[in-house]
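Heads up: the structure comes next, in structure tokens.
Order of the sequence lines fixes the chain letters, A, B, ..., with proteins taken first and strands second; residue numbering starts at 1 for each chain. Both backbone and side-chain heavy atoms feed into the values below; hydrogens, waters and symmetry mates do not.
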4 protein chains.
Amino acid sequence: MDIVVPILTPFNNGKIDKEAVKTHVGNLLKKGVDIIFVNGTTGLGPALSKDEKKEMLDAVLDVTNKVIFQVGSLNMNEVIELVRYANDKDVLAVASYPPYYFTLPEEFIILYFKDICEESKHDVYLYNYPGATGKDVNVEMVKKIGCLTGVKDTNPDFQHTIKYREVEGMKVYNGLEGLAIASMSVLDGTVVGAGNYAPELFSQLREYLKDGDMKKAMEVQLLINKLVGLTQKYGQFSAVYELTKAFQGYDVGSPRPPIYSLESKNLIDEAKKIWNK
Amino acid sequence: MDIVVPILTPFNNGKIDKEAVKTHVGNLLKKGVDIIFVNGTTGLGPALSKDEKKEMLDAVLDVTNKVIFQVGSLNMNEVIELVRYANDKDVLAVASYPPYYFTLPEEFIILYFKDICEESKHDVYLYNYPGATGKDVNVEMVKKIGCLTGVKDTNPDFQHTIKYREVEGMKVYNGLEGLAIASMSVLDGTVVGAGNYAPELFSQLREYLKDGDMKKAMEVQLLINKLVGLTQKYGQFSAVYELTKAFQGYDVGSPRPPIYSLESKNLIDEAKKIWNK
Amino acid sequence: MDIVVPILTPFNNGKIDKEAVKTHVGNLLKKGVDIIFVNGTTGLGPALSKDEKKEMLDAVLDVTNKVIFQVGSLNMNEVIELVRYANDKDVLAVASYPPYYFTLPEEFIILYFKDICEESKHDVYLYNYPGATGKDVNVEMVKKIGCLTGVKDTNPDFQHTIKYREVEGMKVYNGLEGLAIASMSVLDGTVVGAGNYAPELFSQLREYLKDGDMKKAMEVQLLINKLVGLTQKYGQFSAVYELTKAFQGYDVGSPRPPIYSLESKNLIDEAKKIWNK
Amino acid sequence: MDIVVPILTPFNNGKIDKEAVKTHVGNLLKKGVDIIFVNGTTGLGPALSKDEKKEMLDAVLDVTNKVIFQVGSLNMNEVIELVRYANDKDVLAVASYPPYYFTLPEEFIILYFKDICEESKHDVYLYNYPGATGKDVNVEMVKKIGCLTGVKDTNPDFQHTIKYREVEGMKVYNGLEGLAIASMSVLDGTVVGAGNYAPELFSQLREYLKDGDMKKAMEVQLLINKLVGLTQKYGQFSAVYELTKAFQGYDVGSPRPPIYSLESKNLIDEAKKIWNK
């Protein structure tokens, strides 16, 4: 029952704040998080330059090697450069979403991941997020790719996530907070952006599940749902910065436009009321 | 961990074969099924006349009163007549999908269910199936309706199903075979059309879950997925007739066009190979 | 540049009001409508019994034989009975949507239309409405069916409608008011539910297009859009009854629940303000 | 009836080939194209660096100032830098898609375009492409933004494109080849990636429309549809390079992975058979 957190990328005047990264990662690990996912969607991966992606990795590696390093890009030269960068480091795995934005034939997607595998010394994980990339790398494609050993499926269709289990030995995570209870119950764990500001809740959920107390576990799940629903109302990628500061007690900077900063007292007040904190 | 089966409606020359209904229901109960859902989608509910819907109820009630009676229709006079018919019988609940086909304002949907509740002596369950009805009666609408006490959510979005848990005391089932393992683990159980031809598999899945053997449970789930995938290839509403005969050993007639009969030796051969039976 | 109107079905205490039908049809023809589409979606076709569908046809035929008769149903016996009923009448064509609600294999849909063609003495038109039926009978399927001679495609994807032009000699209409200007410009005409309450606007639009005055034509189109947008806010299938009475000056009864009646003074006031009437 | 072509970006060993750009633009103008759209989707805009986007603009400006310059990015600093770069040049307009990939609140999208307008000396056009960006900047949002003067709507829903006409004076184009006939008939023109390899066809279509010969115009449209359908089968963003070379007679280099090169003799043979060239 892994708890994986795709960490936010803290900006200060448009530059990555490496000290904030380290403080944040240290805290998450202390609160029960197992693995840090770098340059994911919550980390604004598609908005980072190649060099910023390396910077983020370096900052996290200063604290832990329990890291999955996301290397996806629309420029293959950059992808390969990032894979090679990781080859010299100690990480759990590299991961990538398929190329977003463009409608591409299935063969291109397969080739994309094969190219990554060929270059990587580490395990290669799929980050499947059809809602953002506009394409679905399903279990049939994973079988054709042949070299992937894990998947983070950010997908409300939980049937879809379960199907990856057909691949022998594959690590399977769902990436939606609202499915944490299900992902922890029947898969290898959960990848949750809300873990940035509420790692305690996911740890607590896991405890109740280990104890077989489904009623209490469901109460925690419904609380998580309410917090996530609130962030979606305000703009989830911006809200995570405010809530991390409010609930974890240290500054994690701000996002970078066009992911604009929220300066919303209301968000924090509402969140505190929900969580009773 | 209820196992609910929406039973098929057996036709013989376009008429309901009541004896086949009884044989089938008796067998399902013996194999561990807890509740029979009558006139659902697998039962071709929307294609049945008002009188045929009553006939189905009567046939099932000859065997068991563990029955949920689906009464939905595009003619409110018929809906009410069916609710009243059930009032004189011993059933667990009446249920309805929202009016399908037409795009309707939310108020109409709310009114529709309130009208049913007002007339019914029994519990009223929601049958939510956005993929077929084109509309989603989500937890917010359920709160506005105010009188529903159960829901069968046929929905790949498992987050959506979980959210009904916000309504105190509501029975919550997901209606997709591919989510049986998740529905049994964290909800009140599963409603599965594949239970017509493979009730043993769902009973077995439940046993493994009770024993905490997630690995074995997942194996059964993947086997179920393969069978369901096969029926979808051939036309799932027709395939269920063939497979019930092949696997349960008695004739359950045929569907009624435009749900055409399959006469496919291949389907049965492939299914037997998958299930090893 | 045909203007086709799928007429509403007027109810009085739950029964069809045949006199209202005749008054309505007579008025529409006088205002420039060319063809009456009976038992369509605006006519609540899927909510009518087999006998009510015949009644509607008879009432319209008392006024005109410029009629397309929609015969679709989820019970093939009923479909065939309606086709035969039309065989003894003078109509332009019979039409059908594919079976709605159920997910069916392509072969079933093809068989369904072939069965209709085989029985019909009249031309057979496709009524394609993916948004309501959940399935798309596209030009490739039409080619496989082989016997269809016309299509009403209720589809915002106007590329999709244009593609039916690949079939030599096929009558091609789009069924969305918001595309009237485009359908009249490049196809055989338009099928418009709003023609029930505003036939004048579509006649006017056609005049401007014939005169090559695209600017004025676009103004009429934008006015139509506003009226349709208003009905969608209130519930379009109910609003058409109120607006027909308000703008055409005679009573057309009411819809039948669960298509509930509106008793909304606001709707009419807002509509009058938009149309300046 | 403008014909706008979003030009491809020719790469040679991963670098932009500026001479190929100039040859290509010169040819397009000669064949009747009115406006060049730079850094669009066909131009692989989202896969270009900030500096590459400038390079493309410079190359095109060497040939013509009938240019729309697309400046969108997930990093606002880059967007503003590109707008300022254009300020010193003679172009028709700058344009931008909304930020892709991320789900963002409506306010962020509005702010994004307002920020561009504030900085730009030129007209600012919206490039709306919901299928790629996952968000729809519809006419209501355009009214809230307030400063946009044109739109390229890449959208099969032609109703949606028509609605932008509500904004007084706005230039309105649809961006799908399959809607060229409709866009030219009722809007300001068409933006067509297929114009890279078949500018003659769009010029011909326009001639037929000007002559009022809808039958011939539709024949050209159906031919265009077949060519586009073919490219989609092979991967449209790659196929455009091959077909431009095959049909226009000069080398335009290759795309850049993960938009992999096609080396497909079949594509060209099939395309030639369709077009009879």
Item to check | Candidate list D:Leu57, D:Ile80, D:Asn39, D:Leu82, test side chain to side chain contact (heavy atoms under 4.5 Å, CB included), partner D:Val71, passing option | outcome: D:Leu82
Checklist entry - Parallel under 30°, tilted from 30 to 60°, perpendicular over 60°: which one fits the rings of D:Tyr97 and D:Tyr127? => result tilted
Checklist entry - So with a 6.0 Å cut-off around NZ of A:Lys245, is the heavy-atom count from everything else above 12? => result no
Checklist entry - Just how far is it from atom OG of A:Ser96 to atom CG of A:Asn128, taken to the nearest 0.5 Å? => result 11.0 Å
Checklist entry - Most heavy-atom pairs under 4.5 angstrom with chain A, which of D:Arg256, D:Gln236, D:Glu78, D:Lys233? => result D:Arg256
Checklist outcome for this item: Under 4.5 Å to a heavy atom of chain A? For D:Tyr234 that would be backbone
Checklist outcome for this item: Whatever's closer than 4.5 Å to a heavy atom in chain A on D:Leu44 counts as both
Checklist outcome for this item: Output for pair (A:Lys272 NZ, A:Leu267 CG), nearest 0.5 Å, gives 10.5 Å
Checklist entry - With only heavy atoms counted, which part of A:Pro99 is less than 4.5 Å from chain D, the side chain, the backbone, both or neither? => result side chain
Item to check | Greatest number of heavy atom pairs closer than 4.5 Å to chain D - which of A:Thr133, A:Leu48, A:Ile259, A:Leu104 | outcome: A:Ile259
Checklist entry - Between D:Trp275 and D:Phe247, how do the two ring planes meet: parallel, tilted or perpendicular, split at 30° and 60°? => result perpendicular
Checklist entry - Is there a side-chain contact between D:Asn174 and D:Thr190 (heavy atoms, below 4.5 Å)? => result no
Next on the checklist: Is the shortest side-chain heavy-atom distance between A:Asp136 and A:His160 below 4.5 Å?
Outcome noted: yes
Checklist outcome for this item: Max heavy-atom pairs within cutoff under 4.5 Å with chain D, candidates A:Pro46, A:Gly14, A:Pro98, A:Ser238, goes to A:Pro46
Item to check | Residue part contacting chain D, namely of A:Tyr100, when any heavy atom lies under 4.5 Å | outcome: side chain
Next on the checklist: Counting heavy-atom pairs closer than 4.5 Å to chain D, which one of A:Ala132, A:Gly235, A:Ala47 comes out on top?
Outcome noted: A:Ala132
Checklist entry - Which bit of D:Leu262 is near chain A, if near means a heavy-atom gap under 4.5 Å: side chain, backbone, both or neither? => result side chain
Checklist entry - Would the number of heavy atoms belonging to other residues, nucleotides or ligands and lying under 6.0 Å from NZ of D:Lys143 be above 12? => result yes
Next on the checklist: Using heavy-atom distances under 4.5 Å, tell me whether D:Ser73 contacts chain A through its side chain, its backbone, both, or neither.
Outcome noted: backbone
Checklist outcome for this item: Among residues 105-113 of chain D, residues within the sub-4.5 Å heavy-atom range of chain A, in order of number, are D:Pro105, D:Phe108, D:Leu111, D:Tyr112
Checklist entry - Is it the case that more than 12 heavy atoms not belonging to A:Gln232 sit under 6.0 Å from its CD atom? => result yes
Checklist entry - Between A:Asn77 and A:Glu81, is any side-chain donor less than 3.5 angstrom from a side-chain acceptor? => result no
